[in-house]
Number of protein chains: 2
Amino acid sequence: MASTAARSLNPRKTPRQARSAFTLDAIFEATIQLLVADGMHRLTTTKVAERAGVSVGTMYQYFPHKEALVYALNERYLEALAARIETTCQACQGRPIAEMVEALIDTYWRAKMERADVTRALYRSVAELDNQAMIDAFASRANAATSAMLASASDARFTDLRNVNLTLVTVVFGAVRNAFERNLRPTEARKLRRQLVVMCRAYLESVARPSA
Amino acid sequence: MASTAARSLNPRKTPRQARSAFTLDAIFEATIQLLVADGMHRLTTTKVAERAGVSVGTMYQYFPHKEALVYALNERYLEALAARIETTCQACQGRPIAEMVEALIDTYWRAKMERADVTRALYRSVAELDNQAMIDAFASRANAATSAMLASASDARFTDLRNVNLTLVTVVFGAVRNAFERNLRPTEARKLRRQLVVMCRAYLESVARPSA
DNA sequence: ACCTGAACACCGTTCAAGT
DNA sequence: ACCTGAACACCGTTCAAGT
């Protein structure tokens, strides 16, 4: 979206006093609550300020516009998600690929499903923002973590690791989101999650040359 | 989003005279152009009316509110996509699973990628709508088409067809969307598309009991 | 049966004034 | 260094009046 490129989505300032760090937290908390309850369309700066217990003007000291606020909120969540993926991938270093697949899918699936209302609200809120930079930053952290993990597998080597890894993360992240949007019953969701593990394992086994 | 459930997203009336069918087309065309150019956030009813060559009041005779307009536009596109999937699946009746996977991925991938600007604009526009009904309608048409195709495979039978089919479509649709959002270079995109075929084939082969 | 466009309520954003 | 909130421009939506 060329149109939003001109407006910076970065926060206006970072808090220098304890009071303003508190203010910032209150603004974020108010935003996520309103987003979950009413969605992006009904999120008004007045309501955010009111619930956070500050005036509109204060909100505009931290964020140049409403989109920047929502952007920053999403960045926080992606940051936390990336950290969780990194932890999982490090824990799986040197394990067999079957275990890696299981752990990766488990981490991502749970991160998205455990607070489904928040995930849904954030997916929706971020959709119309120019979020390419955010996506890229997340993707490169996730890629680094998963490809280091795959390279360390105890039971396989991959000729084109880059490509195999890209396929794996695209499928896992994409399928989890699609599953999420299908609003499945828990039983079906669990089955699907298991099948996703089966599929990724079948894939990795079919493209690996056994080794090490 | 409970909040939007109260407002009907259905069009207000269907055109009874040739003049108004023309008006409706003009409104849709104006909307898609503005959505591609500026995104949902800058889409104003005034601009839609102006570009369509009608007054705002006229637009409101067809759609109860802005969201209903965008919803109807997305419905049009999902309708066309479902039809394409059905055609592909029918053409693959009785073929081997490898061919089915190739054809399904090809159809979906191309439908999304051939007019990337439109796809992106629509993905973004629909995100904050209460689109569960639309997603469900599309999902059940796609499911019907792909599961009938899989059931007719010349080289395999599936013990739990429902589950296998759900996994297949979730992965294909989810991965294509995720690939889309990664903004890959054409070479990488092509590689990924091919790997997706490899993965789905490896999966189907691993869960099939050879037969027929 | 369909179209017009001024009018109204409300939202994003600013900025002069405060502590 | 941070906060306030009235004021302004603009957008979604309506409806009395037109053809």
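Convention: sequence-line order gives letters A, B, ...; per-chain numbering from 1.
With both pairing distances under 3.5 Å, dA17(C) is matched to nothing as a Watson-Crick or G-U wobble pair. With a cut-off of 3.5 Å on both pairing distances, dC3(C) has no Watson-Crick or G-U wobble partner at all. When Watson-Crick and G-U wobble pairs are counted only if both distances are under 3.5 Å, dC11(C) pairs with no nucleotide at all.
A sub-4.0 Å separation between OP1 or OP2 of dT13(C) and a side-chain N or O of Y60(A) is present. For dC3(D), one of the phosphate oxygens OP1 or OP2 lies less than 4.0 angstrom from a side-chain nitrogen or oxygen of T23(A). Between T45(A) and the phosphate of dT13(C), there is no side-chain N or O to OP1/OP2 separation shorter than 4.0 Å.
Between G57(A) and L43(A), the one whose closest nucleotide on DNA chain C sits nearer the 5' end is L43(A). Closest-nucleotide positions on DNA chain C for V56(A) and V56(B) were compared, and the one nearer the 5' end corresponds to V56(B).
Spacing between atom CG of D38(A) and atom P of dC11(C) amounts to 12 Å, rounded to whole angstrom units. Remark: P of dG12(D) and CD of E67(B) are 11 Å apart, rounded to the nearest angstrom. Straight-line distance from the CE atom of M59(A) to the P atom of dC3(D): 13 Å, rounded to whole Å. Rounded to whole angstrom, the span from the CZ atom of F63(A) across to the P atom of dC2(D) amounts to 14 Å. Separating the CG atom of L24(A) from the C1' atom of dC2(D) is a distance of 13 Å, rounded to the nearest angstrom. With rounding to whole Å, I27(A) atom CD1 is found 12 Å from dC2(D) atom C1'. Taking atom CG on L69(A) and atom P on dC11(C), their separation rounds to 16 Å, with Å as the unit. Atom OH of Y62(A) and atom C1' of dA1(D) are 9 Å apart (whole Å).
Residue T44(A) is in sugar-phosphate contact alone, with no base atom involved, counting any heavy-atom pair closer than 4.0 Å across all strands shown.
Residues R194(B) and N163(A) have side chains that never bring a donor and an acceptor to within less than 3.5 angstrom of each other. Side-chain contact annotation: Q33(A) with E29(A), donor-acceptor N/O pair under 3.5 Å present.
Between R42(A) and D130(B) there is no salt bridge, since none of the side-chain N atoms of the basic residue sits less than 4.0 Å from a carboxylate O of the acidic one.
For V54(B), taking side-chain heavy atoms from C-beta onward, the closest of the listed nucleotides dC3(C), dT14(D), dT4(C) is dT4(C). Taking every side-chain heavy atom of T58(B) into account, dC3(C) is the closest of dT13(D), dT13(C), dC3(C). Comparing dG12(D), dC2(C), dG12(C) by their nearest atom to the side chain of K66(B) picks out dG12(D).
Residues E99(B) and C92(B) come closest through the heavy atom pair O-SG, 4.5 Å. Contact detail for F173(B) and I85(B): the closest heavy-atom pair is CZ-CD1, 3.9 Å.
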